[in-house]
Amino acid sequence: MGHHNERRKPDAAAHRAKGSGGVRRDLLHPHGRKRGEPPQVYRGQRAGRPQPGRMSTAQSKNIIPRAQDFAAWYQDVVLQGDMAEPAEVVKGCMVIKANGYAVWERLQADLDRRFKATGHKNVYFPLLIPESFLRREAEHVEGFSPELAVVTHAGGKKLEEAYVVRPTSETIVGHFFSRWIQSWRDLPVLMNQWANVVRWELRTRMFLRTTEFLWQEGHTAHANEQEAREEAIRMLHVYAEVAEQVMAMPVIRGIKSRAEKFAGAERSYCIEAMMQNGLALQAGTSHELGQNFGKAFDVKFQTKEGTLEYVWQTSWGVSTRLIGGLIMTHSDDKGLVLPPKLAPVKVVIVPIFRKEEERAMVLEVAAKVAADLNAQGLTAEVDAREGYNPGHKFFHWEQRGVPVTIELGPRDVAAGTAVVKRRDLGTKESFPLEGLTGVVSGVLDRMQEDLLATAARRLRENTVTASSLDEVAGILTSATAEKGGGKFVMAHIKDDPACDARVKELKASVRCLPLVDEYDGPGKCIVTGETVSHRSVIAKSY
RNA sequence: CGGGGCGUGGCUCAGCCUGGUAGAGCGCCUGGUUCGGGACCAGGAGGCCGGAGGUUCGAAUCCUCUCGCCCCGACCA
């Protein structure tokens, strides 16, 4: 991009096309555009007669292709998919719009059900935390202080002690644990809270990293280390299952290096996903906090034997970042692609008609199809808006990621059929109206499976091994968030911050030591040459 | 925090160099014709040009200050 006057605005792609000195000029105007001349808008292909069984080739006019600029593509997809937009008036924040929030609600519902099923109960702690609390745990304060928002004034007066807006709640939870826990009979404590948190980030991207974000944080206290460890790993697997089974986003379950672990934890587990540009995204984390916060907040309990011990705690969280991962896993150059299990609307029926009598007939059948689908829990809508032709509607829903669209016109009604189109593949096929609900249900199921399979294949194909730091560098240096080319590089590396630092020089990081390593076996550390039991994932990341 | 850039109808921008009281495309509203992959025609609404000060008969345009936003780099779910 030659110039830098990009703004996060809905017409970003068109804007970039100009401001960038012609990134998309080829699409807009074959010979570029003269100063002062109004921008010409690419119209896409002229509508021809539909050819059943052929997939559409129309090109989105307001989403920049992935291959051209992945980061810009992501922005466009979020905007055009009506998922969110930058808050603008509040630095680094975003407005999650109805389409995006509905996805979050589905994720939330699924996660919440699994948390309850594993014995957790929901609670809520204050947004504001006494500043002194953060200081109690040395690593914790060091890790978070650069990104704290602090409330110093309230009620028209300066506060005696400032509050921080929670960046996470371990400290205030620790405070209350110390009041609630006295005996081994009080353990374990298994809690979760759905909340917003604030971290003053330098660089933000919608969903992936915003100043304020929504998440859940689980907080538990246990009588011994073993139990706490099992809890942390159990919840990691819950996250992985949601990622794979619900989001169709394959993940690697692993352990963070000491350098990358949560500030204040003994050990952090994570799920790492690979985005379409090959960059890693930490999609969820689960921490063994050891007795660190127990000691900092004096959370002691009396054992059966009568001795006094500090509790062993865990904490774990996933956030609205998952939605960013979802988008960067499945979406394409036409816009958002939502897996059926998370799509707020799974099916949209686009009625087609010319004459008035056709209109009534088609709409009647469309309403019946929608009713049948809804009766089976397959959320369906009829797009009966007037003033937009069918083509417009197809693009509209395509950009918003609706998994299945059904075209229903006079010819279909006459033949007792409907055209069913799958969002991810773009394939269209005609089916009898009789039994259509079952067909659509099957299509949705297959789409969900295929999305996971496709993403899993991409992860496999972009995972390579390396046995030296130079080799890692050779693989990763050319990869960028914009141009892609990222890989997961499996390499032996000692769990030592000094080794992490060498990887950081490559603008990459040690993502995790996989719990199950398909590339298993001991080898020599690419930095120190010492023997390491198995390979870690090294990648560029978000 | 360093380096770039930008603030003009809802959006993207032109106009600024060479002051004369604001335009285009998209979107929006109305009516009509359309409708199997982003329709067309006609009519219409909408802007004290980020803010403050200055120069001038006159400022979107020139000068000063200020606020905000975006992009690129070092930290992070």
Side-chain angles (χ1 to χ4, degrees), chain A residues 1-20 33-52 54-62 71-72 79 86 88-89 91-92 143-144 146-147 167-168 197 199-204 207-210 213-217 260 262-263 268 270-271 281-285 316-322 324-325 334 350-355 358-359 362 386-399 405 407-412 419 421 426 428 482 504 507 509 541-542:
Chain A
M1 317 288 303
H3 286 65
H4 305 283
N5 56 343
E6 297 181 18
R7 317 192 66 206
R8 290 175 170 182
K9 293 285 168 58
D11 275 333
H15 176 88
R16 261 192 306 278
K18 270 185 97 278
S20 65
R33 186 175 142 241
K34 292 179 200 83
R35 209 173 129 80
E37 190 181 324
Q40 303 206 358
V41 179
Y42 180 66
R43 288 257 155 244
Q45 298 188 336
R46 215 45 208 134
R49 269 267 173 253
Q51 301 177 30
R54 248 192 77 187
M55 44 191 283
S56 71
T57 51
Q59 159 95 38
S60 177
K61 70 182 175 191
N62 44 17
L79 259 12
E88 276 200 321
V89 290
K91 190 173 167 57
F144 281 104
E147 48 189 81
T168 180
V197 289
R199 298 181 185 178
W200 216 258
E201 303 288 354
L202 300 174
R203 189 164 173 195
T204 58
F207 290 114
L208 299 174
R209 177 170 301 105
T210 45
F213 57 95
L214 305 182
W215 77 345
Q216 62 62 220
E217 43 181 323
E260 295 283 334
F262 176 73
S268 290
C270 62
I271 52 173
L281 181 77
Q282 179 174 311
T285 49
W316 27 274
V318 292
S319 70
T320 38
R321 166 180 270 196
L322 286 176
K334 294 183 212 160
V350 177
I352 299 157
F353 44 76
R354 297 172 186 232
K355 307 179 197 105
E358 288 176 345
R359 175 191 145 88
V362 168
E386 296 186 29
Y388 296 99
N389 61 24
H392 185 94
K393 294 178 181 177
F394 296 146
F395 275 96
H396 178 80
W397 297 110
E398 199 161 72
Q399 287 190 335
T405 46
E407 299 179 21
L408 191 70
R411 295 204 297 269
D412 298 300
V419 177
K421 181 176 178 192
K428 287 184 188 180
E482 292 75 29
K504 287 263 177 175
K507 296 185 188 297
S509 54
S541 69
Y542 277 99

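So that the names make sense, note that chain A is the first sequence line, chain B the second, and so on, each numbered from 1.
- When the nearest nucleotides of RNA chain B are assigned to A:Thr405 and A:Thr285 by heavy-atom distance, the more 5′-ward of the two goes with A:Thr405.
- Of the listed nucleotides (B:C75, B:C35, B:G36), B:C75 has the atom at the smallest distance from the side chain of A:Glu201.
- Look at CD on A:Glu358: it is 10 Å from C1' on B:C35, rounded to the nearest Å.
- Looking at A:Glu386 and A:Arg359, a side-chain N of the basic residue comes within less than 4.0 Å of a carboxylate O on the acidic one, giving a salt bridge.
- Going from the C1' atom of B:A59 to that of B:G19 covers 6 Å, rounded to whole Å.
- Between A:Arg203 and B:C72 there is a side-chain N or O to OP1 or OP2 distance below 4.0 Å.
- The same atom, P, is picked in B:C63 and in B:C16; the two are 14 Å apart, to the nearest Å.
- Atom CZ of A:Arg411 and atom CD of A:Glu358 lie 10.0 Å apart (nearest 0.5 Å).
- With hydrogens and angles ignored, the 3.5 Å screen pairs a side-chain donor or acceptor of A:Ser268 with a backbone N or O of A:Phe262.
- Spacing of C1' atoms, B:C17 relative to B:G3, comes out at 26 Å, to the nearest Å.
- With both ends at atom P, the span from B:C40 to B:C35 equals 14 Å, rounded to whole Å.
- A:Phe395 and A:Tyr388 have their aromatic ring centers separated by at least 6.0 angstrom.
- Close to B:C35, at under 4.0 Å from its OP1 or OP2, lies a side-chain N or O of A:Arg354.
- Among the atoms of the strands shown, none is found under 4.0 Å from any heavy atom of A:Val350.
- Residue-level contact check: A:Ser541 touches neither bases nor backbone, having no heavy atom under 4.0 Å from any strand.
- Side-chain nitrogen and oxygen atoms of A:Tyr388 include at least one within less than 4.0 Å of the OP1 or OP2 phosphate oxygen of B:C28.
- Between the P atom of B:C35 and the CG atom of A:Asp412 lies a distance of 16 Å, rounded to the nearest Å.
- Going from the C1' atom of B:G23 to that of B:U8 covers 10 Å, rounded to whole Å.
- Using a 4.0 Å heavy-atom criterion, one finds that A:Leu281 contacts no nucleic acid atom at all.
- Nucleotides B:G46 and B:G25 have their C1' atoms positioned 15 Å apart, rounded to a whole Å.
- Remark: P of B:G36 and CG of A:Leu408 are 14 Å apart, rounded to the nearest angstrom.
- Comparing B:C28 with B:G9, their C1' atoms sit 11 Å apart, to the nearest whole Å.
- An OP1 or OP2 oxygen of B:A74 is reached within less than 4.0 angstrom by a side-chain nitrogen or oxygen of A:Lys507.
- In this entry the distance linking NZ of A:Lys393 with P of B:G36 reads 11 Å, nearest Å.
- Here the C1' atom of nucleotide B:C40 and the NE2 atom of A:His392 are 15 Å apart, to the nearest Å.
- B:G38 has no stacking from A:Phe394 on its base ring, since the centres under 5.5 angstrom apart and planes within 30 degrees of parallel are not both found.
- Taking atom CH2 of residue A:Trp200 and atom P of nucleotide B:A77, one finds them 18 Å apart after rounding to whole Å.
- Closest-nucleotide positions on RNA chain B for A:Gly92 and A:Phe262 were compared, and the one nearer the 5' end corresponds to A:Gly92.
- Distance CZ (A:Arg411) to P (B:G36): 10 Å, rounded to an integer number of Å.
- Listed nucleotides B:G36, B:G38, B:A77 differ in distance to A:Pro410; the shortest reach to its side chain belongs to B:G36.
- Summarising the geometry, atom OG belonging to A:Ser541 is positioned 8.5 Å from atom CD belonging to A:Gln282; distances are rounded to the nearest 0.5 Å.
- Using P as the reference atom, B:A60 and B:U21 are 10 Å apart when rounded to the nearest Å.
- A salt bridge links A:Glu260 with A:Lys504; the closest basic N to acidic carboxylate O contact falls under 4.0 Å.
- For the pair A:Arg359 CZ and B:G36 C1', the computed distance is 17 Å after rounding to whole Å.
- In this structure, A:Gly317 reaches neither bases nor backbone, as no heavy-atom distance under 4.0 Å exists between it and the strands shown.
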